[in-house]
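Just below is one structure, and these are the notes that go with it.
Letters A, B, ... are given to chains in the order of the sequence lines, protein chains preceding strands, and every chain is numbered from 1.
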Protein chains: 2
Amino acid sequence: MKKISTPYHHGNLRQALLEIAVKLIRERGADALTIREVARRAGVTHTAPYRHFKDKASLLAAVAREGFEMMVKETKDQFSRTTQDALARLKVCGIAYIEFAIHNPARYRVMFGTGRPHGKNSALRKASEASFGLLLECIKECQKEGTVRPGEPMEMALAAWSIVHGFSMLFIDNQIREKGLFAADRESMMDVVVDHLYAGFKPN
Amino acid sequence: MKKISTPYHHGNLRQALLEIAVKLIRERGADALTIREVARRAGVTHTAPYRHFKDKASLLAAVAREGFEMMVKETKDQFSRTTQDALARLKVCGIAYIEFAIHNPARYRVMFGTGRPHGKNSALRKASEASFGLLLECIKECQKEGTVRPGEPMEMALAAWSIVHGFSMLFIDNQIREKGLFAADRESMMDVVVDHLYAGFKPN
DNA sequence: AAGACAATGTTTCCACTGTAAACTTCTTAC
DNA sequence: GTAAGAAGTTTACAGTGGAAACATTGTCTT
């Protein structure tokens, strides 16, 4: 039996590194992240992190994975507070997604910004698939319910994901505020964008 | 009178650097780009690029700016080949955008991936605004034409931009193929996604 | 309780990076 | 033709990612 909670030398360094990494990215941007600085703040040597992460990319992948897991969890939490129909849940999906991105911009960028595809890193891939799965299920349920028009659910999920992802990216990259779109507050902007999409999903 | 076309020592090094940078990003990914390697391939010392770009970020910003300009130009070219209504042009906007992203994934990622907002770099900002402006104008024209329902054009442009941007990002990050969505070919996927959005724009 | 063993952290090392400063060499305007 | 400024070079430095060999500590077996 391995006691996970018991500290070895440092005391759950892996988790500490992840938290420090996120904080650092938040403070100085994603590419300013440095393994050495993370180690420094954790109070360990600059090579200690390599016991827990193969390399820098691997550390970032772990941050990303955690992000997907958080996102799924938060969405599900919102679900449980939404006792309504599937359409309501579908909207929750969109809103929760965007809210996550806005509240965790640094992490969000890591989740998608790396450029290099998740490829082999199956843990990361699984986490991201879980997130997509949530959306897909919602759409299927809506179709059963009759609140979303028939059609290949995959394609509709793709469209839905595209819009919330796109909006999130633009928002956190400041492209929106820069273009003088801050007339409306954030929440109503979100609603507008999401509604435009769902308008295209309506039956009839 | 300054003769721009005449080579000094190297011969239009600035442009050469830009081209090499893009090629490098294409080959090895955006963060593998190194000023020294760019210089090496250009056959100059590793500090020569600093005569043309303040720093690495500045070089990347120039690559991004060029990208926006290319995108606008290509869209306009497509416009001139589209003698039809404004709605047709609006669709061209979406398709051309996605096509650009797909054909220039490396550059596209630089255009949006940096994380750091364009902020002060006004040349980059202007180029990106031109691209957004094209979309905005299309929507306004469609509204005049009656092929897009009334409503704040800014908001609709935002929605439209979100979806094409989101789709592009997901596509070039391989998130789509990874999720087993390659059933449809690229072109029909594009059409489907764009159509879902425009369905929400329809009058009535 | 006593080692053996694997997990964790450290030291030392290396090739490489971004960029500043002071320099040389070329181009062009006068 | 010469002075000035632009373009490219040399040299230097601190910081980085990561490999390798070493030291330490907790855990497992007996």
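- Remark: P of C:dC26 and CG of B:Leu13 are 16 Å apart, rounded to the nearest angstrom.
- For the pair B:Asp191 and B:Lys91, the salt-bridge criterion is not met [side-chain N within less than 4.0 Å of a carboxylate O].
- The distance between atom NZ of A:Lys56 and atom P of C:dT17, rounded to the nearest whole Å, is 14 Å.
- No side-chain donor-acceptor contact under 3.5 Å links A:Arg41 to the backbone of A:Ile20.
- Remark: B:Thr34, B:Ile35, B:Arg36, B:Arg40 in residues 34-44 of chain B come within less than 4.0 Å of DNA chain C through at least one heavy atom.
- Atom P of nucleotide D:dG15 and atom CG of A:Asp31 are separated by 19 Å, given to the nearest angstrom.
- By the ring pair (Phe, Tyr, Trp, His ring centres under 6.0 Å) test, B:Tyr108 pairs with B:Tyr97, B:Phe112, B:His165, sequence neighbours left out.
- The distance from atom CZ of B:Arg14 to atom C1' of D:dA7 is 14 Å, rounded to the nearest whole Å.
- Closest approach of A:Ala39 to A:His46, counting heavy atoms only: CB-CA, 3.7 Å.
- Going from atom CG of B:Leu24 over to atom C1' of C:dC16 covers 15 Å, rounded to whole Å.
- Remark: B:His46 is not in phosphate contact with C:dC16, judged by side-chain N or O atoms under 4.0 Å from OP1 or OP2.
- Between the CZ atom of A:Arg51 and the C1' atom of D:dG26 there is a distance of 16 Å, given to the nearest Å.
- A:Glu74 contributes no side-chain N or O that, together with a main-chain N or O of A:Ala96, makes up a donor-acceptor pair within less than 3.5 Å.
- For A:Asp55 and D:dT16, the CG to P distance is 17 Å, given to the nearest whole Å.
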Atom pairs and distances, side-chain donor-acceptor, residues 131-140 of chain A, under 3.5 Å, sequence neighbours left out:
none

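- What separates OH of A:Tyr50 from C1' of C:dC13 is a distance of 14 Å, to the nearest Å.
- In the set D:dG8, C:dG18, C:dA20, C:dA20 carries the atom at the smallest distance from any side-chain atom of B:Thr47.
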